[in-house]
Amino acid sequence: CQQNPTEPTYHNNLGLSYFERERFEDAMSSYEEAIKMEEERCKDPNRSKENLSFYHKNLGLALYHNNEMERALEEYGKAIALNPENADNYFNRGNVKLNQEEFDAAHEDFQQAIAHEGKNAKFYHAKGLAYQAEAEQIAREGGDAFREKELVNQAILFFQLALTHCATFISSMFHLGLMYRRTERFHEALQEFSKVEQLLENDKTIYIQKGLVYQDMGNHQFAIQDFQTAIAIEPDYALSHFHMGVSKLKSRLIREAIEDFKQAEALDDNPAVYDGLGCCYHALRDFDEAIDHFNKAISQKGGNIEFLKNRAQCYFDMGLFQEAINDLDTALQLNERDPQVLYKQGMAYFAFEKYKKCIKTMKAALQHNPFMTYEADIYYHLGLAYCRLQKFEKSIFPYSRCIERIPSDLRYIHERAKAFQMIEEHAKAVADFDVVIRKNPKNAHAYFRRAFSLKALKRYAEAVDDFEKAR
């Protein structure tokens with residue numbers, strides 16, 4: 001029967017052979033012939049429609065791989081109508097809808113597949129992929145961060161469900177690792193990637209992903225080791241060299257990082273490589289070379305916020321504050337709620353002595369959950385900006401928030417003491433100066449300023465003593 005051209009199975013099997021060789025148009029022609037023949041046979045009311053559904057499903061797969069999504073949807077619709085109990089038909093149609101970013105429709109189909117075949121791991125995995133893809137879309141567009149987090153957690157749940165039905169489902173382990181990394185569950189991410197590593201030999205992608213987790217953790221020594229392993233597996237893969245360059249840059253191995261980035265550049269024209277080189281030359285304070293590379297990165301991908309932030313920082317360090325502000329304005333047009341961009345723009349306004357704009361921008365940064373490492377500095381510059389505008393009373397709150405976050409940083413306590421002094425709350429000023437002096441007994445400025453507050457409190461002998469110590 002398989003060798004008889006008058007039988008639909010012959011043309012279906014021929015289509016499968018073409019499909020395996022990625023000759024999708026030839027496969028489509030063979031499936032269409034199988035469908036035509038089977039439709040004739042299905043005029044017999046006693047004949048099962050199962051084979052006809054199967055041929056429509058195969059044609060849909062060929063169309064999908066040939067990037068003809070609308071026609072693929074039509075074929076899967078026919079397959080479902082002919083055999084509504086077949087879970088794979090819903091699964092395949094769901095994949096087309098996922099490809100078209102019709103996430104709700106994709107979930108409906110995947111859920112139908114689960115309803116018909118509830119122990120099949122790939123259906124749960126597919127729902128996980130749909131949640132992951134929607135989360136990534138929101139992140140690209142700078143959308144609702146809370147919704148993005150919800151979707152990532154749903155993706156994690158469904159990858160976990162897939163693994164309950166097939167403990168060795170490699171794709172779910174891998175994507176679960178990606179989602180754990182995204183939610184900063186780094187040790188769990190490493191566990192998943194290590195499981196995949198045990199099942200797949202010499203897979204560069206696993207070592208790259210492990211390296212990226214270590215990179216996120218700040219463990220660049222381990223990250224570099226994994227990137228080196230990835231390079232040993234496939235020496236001409238540019239991203240391995242690029243990521244190793246990033247870890248060496250963050251380890252302050254600047255010259256070595258430059259060599260890695262140049263190796264990546266020789267293998268692939270990636271704008272991120274130029275950005276990396278720009279960061280290296282910036283670190284070496286070779287500003288002209290840095291700006292030249294940042295310009296190359298931005299000319300290729302002007303909509304990249306990181307590239308704009310990096311060039312802005314370079315301009316800032318060159319004292320070109322307006323150029324820095326211009327780059328950050330462009331970045332905010334891409335995502336007006338990016339707290340890190342708002343923070344850097346606030347810093348540029350402060351350096352440019354535009355204190356009102358600094359205050360407005362820093363407050364906006366705080367509304368959008370900046371990095372915890374930035375928060376204290378944002379409040380600090382808010383306090384400084386208020387003081388520059390002679391609004392000393394308003395500076396007290398931001399200085400206090402700095403101290404709550406980093407109580408060991410004497411700058412914050414000293415600045416609050418000075419602000420208390422300027423609004424004539426001398427007892428509070430003395431209390432803050434006491435802390436500064438106790439932790440740094442050689443701080444002449446603190447003795448000098450405390451002396452004035454002690455004098456205002458009529459504690460003249462102590463004031464005289466402080467003036468003497470400040471000399």
Side-chain angles (χ1 to χ4, degrees), residues 313 316-317 319 321 324-325 339-471:
Q313 187 64 55
F316 182 92
D317 291 344
F321 303 125
I325 289 167
Q340 279 61 252
V341 176
L342 288 163
Y343 162 65
K344 288 180 180 294
Q345 189 180 55
M347 293 293 290
Y349 281 135
F350 184 86
F352 214 24
E353 299 183 2
K354 295 185 176 183
Y355 300 121
K356 289 182 180 179
K357 286 189 174 182
C358 170
I359 291 167
K360 180 180 178 181
T361 308
M362 291 298 199
K363 284 183 175 179
L366 289 169
Q367 290 174 358
H368 298 295
N369 300 316
F371 293 151
M372 289 182 65
T373 51
Y374 286 174
E375 277 192 14
D377 203 45
I378 291 172
Y379 282 115
Y380 179 57
H381 282 86
L382 270 173
L384 292 175
Y386 278 127
C387 288
R388 297 291 194 279
L389 294 172
Q390 305 294 303
K391 296 180 179 181
F392 301 106
E393 190 166 358
K394 286 189 173 182
S395 74
I396 300 298
F397 174 76
Y399 285 144
S400 297
R401 296 303 295 269
C402 293
I403 296 165
E404 288 172 13
R405 279 155 178 73
I406 311 179
S408 61
D409 195 320
L410 298 183
R411 290 177 303 160
Y412 305 151
I413 303 170
H414 197 161
E415 292 298 332
R416 188 175 68 175
K418 288 158 63 177
F420 277 134
Q421 192 173 66
M422 296 305 293
I423 60 175
E424 298 186 0
E425 292 202 28
H426 293 290
K428 292 180 179 179
V430 167
D432 274 348
F433 284 129
D434 286 347
V435 174
V436 174
I437 290 168
R438 185 168 62 251
K439 293 185 177 181
N440 183 8
K442 296 182 180 180
N443 190 326
H445 292 290
Y447 284 114
F448 187 72
R449 297 296 297 248
R450 187 174 68 174
F452 281 104
S453 286
L454 289 168
K455 181 180 177 184
L457 293 170
K458 298 182 179 180
R459 294 163 61 179
Y460 299 118
E462 294 171 82
V464 169
D465 186 47
D466 272 358
F467 279 130
E468 287 296 323
K469 288 177 180 176
R471 295 178 64 179

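Note: hydrogens, waters and symmetry copies are ignored here, and every other heavy atom, side chains too, is used.
Of the charged side-chain nitrogens involved, none lies within less than 4.0 Å of a carboxylate oxygen, so that Lys418 and Asp432 do not count as a salt-bridged pair.
Note: Ile403 CD1 to Ser408 OG = 11.0 Å, rounded to the nearest 0.5 Å.
The nearest pair of heavy atoms linking Ala470 to Ala444 is CB-O, 3.6 Å. Between Ala429 and Ser453 the shortest heavy-atom distance is CB-OG, 3.7 Å. What you find for Leu382 and Pro398 is that their closest heavy atoms are CB-CB, 3.9 Å. Taking every heavy atom of both residues into account, Ala365 and Pro370 meet most closely at O-CD, 3.3 Å. Here the closest heavy-atom approach between residue Pro407 and residue Glu404 is recorded as CD-O, 3.9 Å.
Remark: of the listed residues Leu342, Thr361, Asp377, Asp377 is the sole one forming a side-chain contact (heavy atoms from CB on, under 4.5 Å) with Met347.
Note: Phe448 and Phe452 have perpendicular aromatic rings, judged against thresholds of 30 and 60 degrees for the angle between ring planes.
The backbone N or O of Arg449 sits less than 3.5 Å from a side-chain atom of Gln421, completing a donor-acceptor pair.
Both cation-pi conditions hold for Arg411 and Tyr380: the charged atom is under 6.0 angstrom from the six-membered ring centre and inside a 45 degree cone around its axis.
Side-chain atoms of Tyr412 and Arg405, non-hydrogen and from C-beta on, never get closer than 4.5 Å to each other. Within the 4.5 Å cutoff, the side chain of Arg388 has heavy atoms near those of the Phe350 side chain.
For the ring-ring contact (aromatic ring centres under 6.0 Å, His included) test, no residue two or more places apart in sequence or in another chain qualifies with Tyr386.
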